[in-house]
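Worksheet: the structure to be examined is printed underneath.
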Amino acid sequence: MYKKIISVARLAILLLGSSTMLFTACNSGASKTGDAANDSTAANTVKIGVLHSLSGTMAISEVSLKDAVQMAVDEINAAGGVLGKKIEPVIVDPASDWDLFAEKSKELLTDKKVAAVFGCWTSVSRKSVLPVFEENNGLLFSPVQYEGEESSKNVVYSGATPNQQLIPAADYLMSAEGGGYKRFYLLGTDYVFPRTANKILKAYLLSKGIPKENIIEEYTPFHHQDYQTIVSKIKKFAVGGKACVLSTINGDSNIPFYKEFANQGLTAATCPIMAFSVAEDELRAMDTEFLVGHLAAWNYYQSVDVPENKKFVADFKAFCEKKNLPGGAKRVTDDPICWAYTDVYLWAKAAEKAKSFDVDKVRAALHGLTFDSPAGAVKMDDKVNHLAKPVLIGEIKPDGQFSVIWKSQGLIDPQPFFTLNAKN
Amino acid sequence: MELLLKINEIKSGKWTGPKWLWPVIMAGAVLFFTVRVATDSSGTYVQNLFSGISLGSILILVSLGLAIVYGLAGIINMAHGEFLMIGAYTTYSVQVFFTNVLHVQSSNWFFITALPVSFIVAGLAGLLLERLIIRHLYAKPLESLLATWGVSLILIQTARSLFGDLTAVKLPEMLAGGWKINENLVLPYNRLFIIALTIVVLVALYRTLTATRLGMQIRAVTQNRSMSACLGINTKRIDAMTFFIGSGLAGLAGCAMTLIGNVVPDMGQTYIVDAFLTVVIGGVGKLLGTITAGLGIGIFSKVLEAFFEAVYGKVLILLLIMLFMQFKPRGIFPDKGRTAAD
């Protein structure tokens with residue numbers, strides 16, 4: 001009996017280890033309805049793929065991007081479509097499972113024959129679909145900031161490159177206006193984005209004359225909950241003065257981190273946290289009292305004061321309410337949502353300009369394209385599939401919104417492969 | 001070669017070392033820590049020790065219910081983490097009720113109310129699970145394991161559909177901030193509260209198990225089910241009561257967890273692996289074992305984390321546990337004598 005219990009206990013631990021994976025797998029294949037290829041009307045419609053996780057761990061972030069794409073599609077269709085054709089979105093659910101991302105993208109490209117795909121949040125999902133897009137010469141629009149070191153002709157990266165988010169944030173903190181910080185604690189979750197981001201940040205800070213002992217780099221596992229030791233390390237580090245935290249902490253670890261930070265007596269005044277992965281959508285229902293005064297760096301906030309954005313925010317809330325989506329009119333917009341929405345317009349504009357849905361022609365037409373996005377006017381680069389855009393530093397307010405406290409001068413050109421010597 | 005033989009000897013239990021070995025190691029560790037704490041001007045060691053005790057108390061609180069259920073019925077309840085989640089969502093619901101229906105401004109009262117409510121709600125959910133599913137699967141460890149795992153998936157998805165992915169519980173005003181000992185050392189009130197809660201729960205549980213009729217019956221059934229049945233104990237009722245208490249304790253832990261972490265549908269999964277490790281290391285169904293293992297894992301994790309990064313700290317603690325299980329596969333306090341035979 002006893003041995004049996006022990007062996008079952010071992011099985012239990014094994015099972016738990018794989019349970020997340022299995023759990024996401026259980027959720028897959030749920031959303032195959034609604035796209036039973038209506039070939040009779042094919043002449044009047046053009047298909048696009050939407051490849052965002054609607055279940056599993058990433059659903060919390062990615063569902064909003066699917067909604068934004070859907071809204072852009074509805075708007076374009078209401079205005080007459082693209083090249084006289086209505087857009088027909090084919091929505092699939094890769095269920096936060098990287099292998100499923102590759103499978104689903106293959107299905108979209110070869111079976112559904114979509115003209116373009118809008119999707120991916122994590123870098124690992126993008127890297128897993130990349131070979132599929134290159135092999136089939138597809139076009140993927142990826143709206144989330146990333147760590148650079150990748151630039152494929154088959155992917156349009158509308159999220160920020162490192163020099164459009166990380167570097168301006170570091171520059172701001174070092175400037176007199178930002179507080180003249182001299183000591184940096186780089187804290188992240190242990191995966192590719194924080195690792196690469198911190199490598200770039202560290203190299204940049206060193207090149208700016210920050211001594212090595214004033215930069216500390218540390219990582220935690222996914223879903224880390226207990227930040228006591230790390231916060232007390234930061235606290236000791238902060239005693240030296242002029243210290244700040246550059247945080248690439250991901251997802252559900254943020255709340256325990258900020259809570260512990262406040263409870264051990266640290267404040268934004270003594271040691272601000274500059275976050276690269278915390279946006280309005282995540283703050284929506286968080287208990288934000290611990291985050292007030294801390295900073296973030298993005299290219300768009302819901303509070304951006306341009307007419308295009310006021311309309312965009314009002315439209316998005318109305319759209320969520322009308323479609324009866326969870327959250328309804330209380331929904332908020334944020335950086336990835338803005339770019340997911342902009343992506344559809346960029347593609348539609350490029351297709352109009354190219355007078356074709358052919359991937360090669362659309363790509364050629366994309367280069368140099370300008371668009372009045374909710375974040376203000378942006379411009380596609382002439383050579384690489386990236387956007388030139390403004391950089392904004394925001395301060396977290398009690399209602400979970402950001403007030404913009406710094407804005408870059410004009411647009412920052414993209415630089416997918418960051419080098420220290422290049423001029424911005 | 002000689003070393004291998006020696007290791008085999010230790011593993012097979014023939015050689016357990018001189019009798020004074022473990023006490024001396026323990027005393028050495030205690031002495032080491034006392035000296036470090038006494039000579040510690042910057043507060044680092046006190047901070048690490050406190051963090052360790054705090055994490056340990058959380059592990060104990062989460063594992064207690066699991067240990068009782070596991071010890072009594074040999075049921076590996078994979079849904080234990082989800083009772084924790086139920087407790088956390090109960091706390092959230094109580095908060096919503098207080099702010100939206102009763103319009104109570106102070107955030108202290110809802111939390112005080114939520115503590116017993118979350119115990120009862122999670123306990124009743126556990127009772128329901130026992131009645132509907134587990135009752136039919138006693139003495140079938142594999143089947144009950146898979147069944148409870150399925151239940152945990154269902155519960156997670158139900159919570160996601162009911163509450164959505166984003167919910168937040170406000171920290172009660174009385175537990176905000178911390179006890180400032182000196183410039184470098186602040187002991188947060190929420191963590192002190194969890195330590196105190198753990199002690200209260202432990203004392204209450206110990207009293208229940210040793211000084212009440214129900215406790216005696218639970219212990220009797222744990223030791224020998226058929227003999228207890230022969231003596232007229234209604235073992236089915238005891239099973240149900242144990243499940244109620246075990247799940248209720250998980251709910252209470254979930255309520256306490258809202259003080260430090262998130263309320264998300266899969267929050268139980270974050271704690272359940274550590275809880276299993278605690279129970280297995282402590283020895284099946286041993287209260288004292290669970291306490292020792294919880295504190296041990298907590299303090300070791302935090303001390304290792306202070307010297308290495310959090311990622312490597314976790315790797316090291318798992319390595320230590322694997323090593324420990326090689327030498328003491330039945331936990332710190334294994335059964336002795338005739339009860340160990342089966």
Side-chain angles (χ1 to χ4, degrees), chain A residues 1-13 15-17 19-20 22-23 26-27 55 57 59-60 63 190 217-221 223-233 235-236 239 252-256 259-260 262-266 281-282 284-290 326-327, chain B residues 42 44 47-48 50-51 54-55 58 70 74 76 78 141-142 145 149 152-153 156-157 164-171 176-178 180 183-184 186 188-191 260-262 264 266-267 269-273 276-277 279-280 284 301-302 305-306 309-311 313-314 329-330 335 340 342:
Chain A
M1 181 64 194
Y2 192 84
K3 277 199 172 156
K4 206 168 176 188
I5 292 184
I6 285 293
S7 65
V8 173
R10 286 200 179 136
L11 184 66
I13 289 167
L15 203 54
L16 278 167
S19 72
T20 8
L22 277 164
F23 184 52
C26 288
N27 279 327
S55 55
T57 47
I60 180 173
V63 168
D190 201 9
E217 204 179 337
E218 176 143 16
Y219 299 93
T220 61
H223 309 297
H224 194 69
Q225 299 287 315
D226 196 294
Y227 277 92
Q228 298 181 83
T229 317
I230 288 170
V231 170
S232 61
K233 277 187 204 170
K235 210 174 150 190
K236 242 189 302 163
V239 170
D252 64 355
S253 293
N254 273 305
I255 287 285
K259 260 190 186 171
E260 189 67 36
N263 273 332
Q264 287 204 23
L266 287 164
D281 209 27
E282 283 85 39
R284 184 147 51 103
M286 273 187 192
D287 192 8
T288 42
E289 65 177 300
F290 300 103
Chain B
S42 64
T44 319
Q47 180 75 55
N48 285 342
F50 176 79
S51 305
S54 166
L55 180 63
I58 291 166
Y70 191 31
I76 300 195
M78 301 285 280
L142 269 175
L145 171 82
W149 185 54
S152 94
L153 296 185
I156 290 175
Q157 200 55 44
D165 261 310
L166 300 158
T167 37
V169 170
K170 236 179 132 44
L171 193 66
K180 206 167 175 181
E183 239 353 272
N184 297 319
V186 177
Y189 289 133
N190 56 351
R191 292 191 177 273
I260 49 167
N262 302 317
V264 286
D266 52 1
M267 64 185 290
Q269 306 277 317
T270 341
Y271 296 100
I272 190 79
V273 177
F276 265 117
L277 289 175
V279 170
V280 171
V284 177
S301 305
K302 287 292 124 182
E305 208 178 278
E309 273 184 24
V311 178
K314 188 95 193 164
R330 293 186 173 195
D335 281 322
D342 66 326

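Only heavy atoms go into these numbers, but all of them, side chains included; no hydrogens, no water, no symmetry mates. Below, read A as the first sequence line, B as the second, and so on, with proteins coming before strands; counting in each chain starts at 1.
With a 4.5 Å cut-off on non-hydrogen atoms, A:Asp226 touches chain B through its backbone and its side chain both. Using a 4.5 Å cut-off between heavy atoms, A:Glu260 touches chain B through its side chain atoms alone. Neither the backbone nor the side chain of B:Tyr189 comes within contact range of chain A, judged by heavy atoms closer than 4.5 Å. At a 4.5 Å heavy-atom cutoff, the contact between A:Glu289 and chain B is made by side-chain atoms alone. Interface remark: B:Leu55 contributes backbone and side-chain atoms alike to the contact with chain A (heavy atom separation under 4.5 Å).
The shortest distance between side-chain heavy atoms of B:Val186 and A:Lys235 falls below 4.5 Å.
With chain B as partner, the option from A:Val239, A:Val63, A:Asn263 having the largest number of non-hydrogen pairs under 4.5 angstrom is A:Asn263. Listed options B:Gly261, B:Ser152, B:Ser301 were ranked by heavy-atom pairs under 4.5 angstrom with chain A; first place goes to B:Gly261.
For the atom pair NE2 of A:His224 and NZ of B:Lys314, the computed distance is 8.5 Å after rounding to the nearest 0.5 Å. Rounding to the nearest 0.5 Å gives a distance of 9.5 Å between CD of A:Gln225 and CD1 of B:Ile58. One distance of note links OG of B:Ser51 with CD of A:Gln264; it measures 6.5 Å at 0.5 Å rounding.
Among all heavy-atom pairs drawn from A:Tyr219 and B:Val311, the shortest one is O-CG2, 3.5 Å. Looking at every heavy atom in both residues, A:Lys259 comes nearest to B:Val169 through NZ-O, 4.1 Å.
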